[in-house]
Structures are given as structure tokens and as C-alpha cells.
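Order of appearance sets the numbers: ligands from 1, and atoms from 1 within every ligand. All values derive from a computational prediction rather than experimental measurement.
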Amino acid sequence: SARLPVRPRVHIVLGSGLSPLANGVKDPTMIPFEGIPGMPPTTVASHAGRFVAGTLEGVPVLVQAGRYHLYEGHSADTVAAPVRLGRAVGARVLVVTNAAGGIGSGLGPGSLVLIRDHLNLQGASPLTGPVRLGEERFPDMTEAYDPELRREARSVAEALSLELGEGVYAGLPGPSFETPAEIEMLARFGADLVGMSTVPEVIAARAAGSRCLGVSLVSNLAAGRSLRPLSHHEVMEVAQEAGARLERLIRGVLGRLAEAG
Ligand code: HPA
């Protein structure tokens, strides 16, 4: 088992196509998922499946490239396993990123969107079953996406002249993309973004009292919001282009955390 040189403060989960952000980690220690108990191999080609521990902007971080999804057949418990591990090695802040479909007006491909809240429509929770050590049975989810971290992110975005939207993320099980009727339903539910991840990780983090910051990168307009059919390829392409902006935003937020001590 790999020893971490420093105790990470922040756990950063990189979504589809965003793995290159792990390359910027200083003094990296690579820890593949493979061999970690409770962490089976991942099956999505674009999700490598490893941790990179080191520092970003002077902050000790645990960067996670690749994640588990319910649609791979994993339980919500497995999906949340990396977050629980991050917490166990010291991270009290979780930064989750994902690629998402844009529902709300103005959320076109390439948009960066701060997650204000979520809808758990995945039919599963990582908290089902016995209460895990250090977790609450009934965690409050009122401020699942930490208001203070959101304020910092908005402030960083403004300072860097990065456009940053804000919205509600609907987490669905997938793996088929939604029908236009489902997207219309989600819009009426108050969702601005739709994706197939993030919700189990944030629930597990909140149960342990960690603070969460979520950022979606809109890879495509949701079904029925554009004339083009959806493709995983499109998701990857947009992620690469916009990943650089997301990296600047995350680095900026980490810089603020470093200043705050
Ligand atoms: N729907 C669900 N998940 C997604 C989408 C989408 O349109 N784009 C990227 N992940």
C-alpha cells in the first residue's frame, strides 16, 4: 500500500475527459485503484482509475482521475468508496467535477456551472445499510454544496474573468441519455444540469461532515434542447477544450484555501 507523503486537505474528483488536470499535481504519488480493497476496476475507457496525491497551489490534494458509476453495475457504496477513502486519509473538502448535459437556458456546450444543489433521481444512496464509522444516519442536505466554497468560486471566477453559471444538477442512473420528455420533466423539477454521477459522492461526503464544491462542465445541450443527437465523443471533445478553464478555476479556489490557512 502506498504511503502518502502529506495528508491531503482537499479531494478533487475529475469527471469525464478531465483527467489531464491530474498532470499538474506537484510531487505526485500515483496510487492506482487496482489493489485498493473495495475499489474494483473501472470500465469506462475515459476514466483511468487512479489517485494522484501531491500539491496544487501549495495545498495538499488527493486528485482522483476516474470514478465509478452506477451504470457500470457498481453499487452506490462502491461509487462512494473513493470519497470515503479520501476522507479517511484526511480530506475534509471534496471538489467534484463532471461532464453534464445543459438544460437551463444559457448553459451551452463549454459552460462551467457551479452546482448549487442536486436532485437524487438515481434510486440509490451510499448510506443504505449499516451506518459507517464517522457518518451520520440522516445527514442534513440543506447546504450540501457549501455556500462559503461557492462564494469563493464565484469570486475566483470573477477575478479570472471566467464565466461561471450556477444551477441544480439532476443525477440520473443512465447509461442511456435522456429522452426529450425526460429532459422536459427535469426542467419542470428545477434542474439546470443532468448527469450520471456526483450525487452518491456528495451524499457520502456530507454524511461524514465534509464540505463540497461541485462544478459541471456542460458538454452538450440535453436531449431535445438541440437538433443534434448526443454522443460520448462530443462529451470528450468539449471536456478537453474547457478543461483548461476548469483547472484555472480549481487552482484559484485552492489558492484561496491556502490563503485562509
Ligand atoms: N445526460 C446525462 N449525462 C450526461 C450528459 C447528458 O446529456 N452529458 C454528459 N453527461
**Message:** With side-chain hydrogen bond (donor to acceptor under 3.5 Å, both in side chains) as the rule and sequence neighbours excluded, what pairs involving residues 155-167 come up?
**Reply:** R150-E166, R154-E166, S155-R256

**Request:** For R92 and R87, indicate whether the former's side chain and the latter's backbone hold a donor-acceptor pair under 3.5 Å.
**Result:** yes

**Which of the ligand 1 atoms, numbered from 1, are nearer than 4.0 Å to a heavy atom of G195** = 2 (C), 3 (N)

**Fill in**
Numbered in order shown, the ligand 1 atoms found under 4.0 Å of a heavy atom of E178 are 1 (N), 2 (C), 6 (C), 7 (O)

**Message:** Taking 4.0 angstrom as the limit and counting only heavy atoms of N220, give me the atoms of ligand 1 inside it, by number and element.
**Reply:** 5 (C), 6 (C), 7 (O), 8 (N), 9 (C)

**Prompt:** Within a radius of less than 6.0 Å around CZ of R137, do more than 12 heavy atoms belonging to other residues, nucleotides or ligands occur?
**Reply:** yes

**Fill in**
For S219, the atoms of ligand 1 under 4.0 Å from one of its heavy atoms are 8 (N), 9 (C)

**Message:** Heavy-atom distances under 4.0 Å decide this one: backbone, side chain, both or neither, for A223 against ligand 1?
**Reply:** neither

**Asked** Under the 4.5 Å side-chain heavy-atom rule for ILVMFWY, direct or indirect, which residues accompany I103?
**Response** L119, L121, V168, L172, I183, M185, L186, F189, V194

**Asked** By number and element, which atoms of ligand 1 are closer than 4.0 Å to a non-hydrogen atom of M196?
**Response** 2 (C), 3 (N)

**Message:** With a heavy-atom distance limit of 4.0 Å, tell me whether N98 approaches ligand 1 through its side chain, its backbone, both, or neither.
**Reply:** neither

**Request:** Before accepting this row, confirm whether a basic side-chain N of the pair R225/E184 lies closer than 4.0 Å to the acidic partner's carboxylate O.
**Result:** yes

**Fill in**
Rounded to the nearest 0.5 Å, the NE2 atom of H11 sits from the CZ atom of F51 at a distance of 5.0 Å

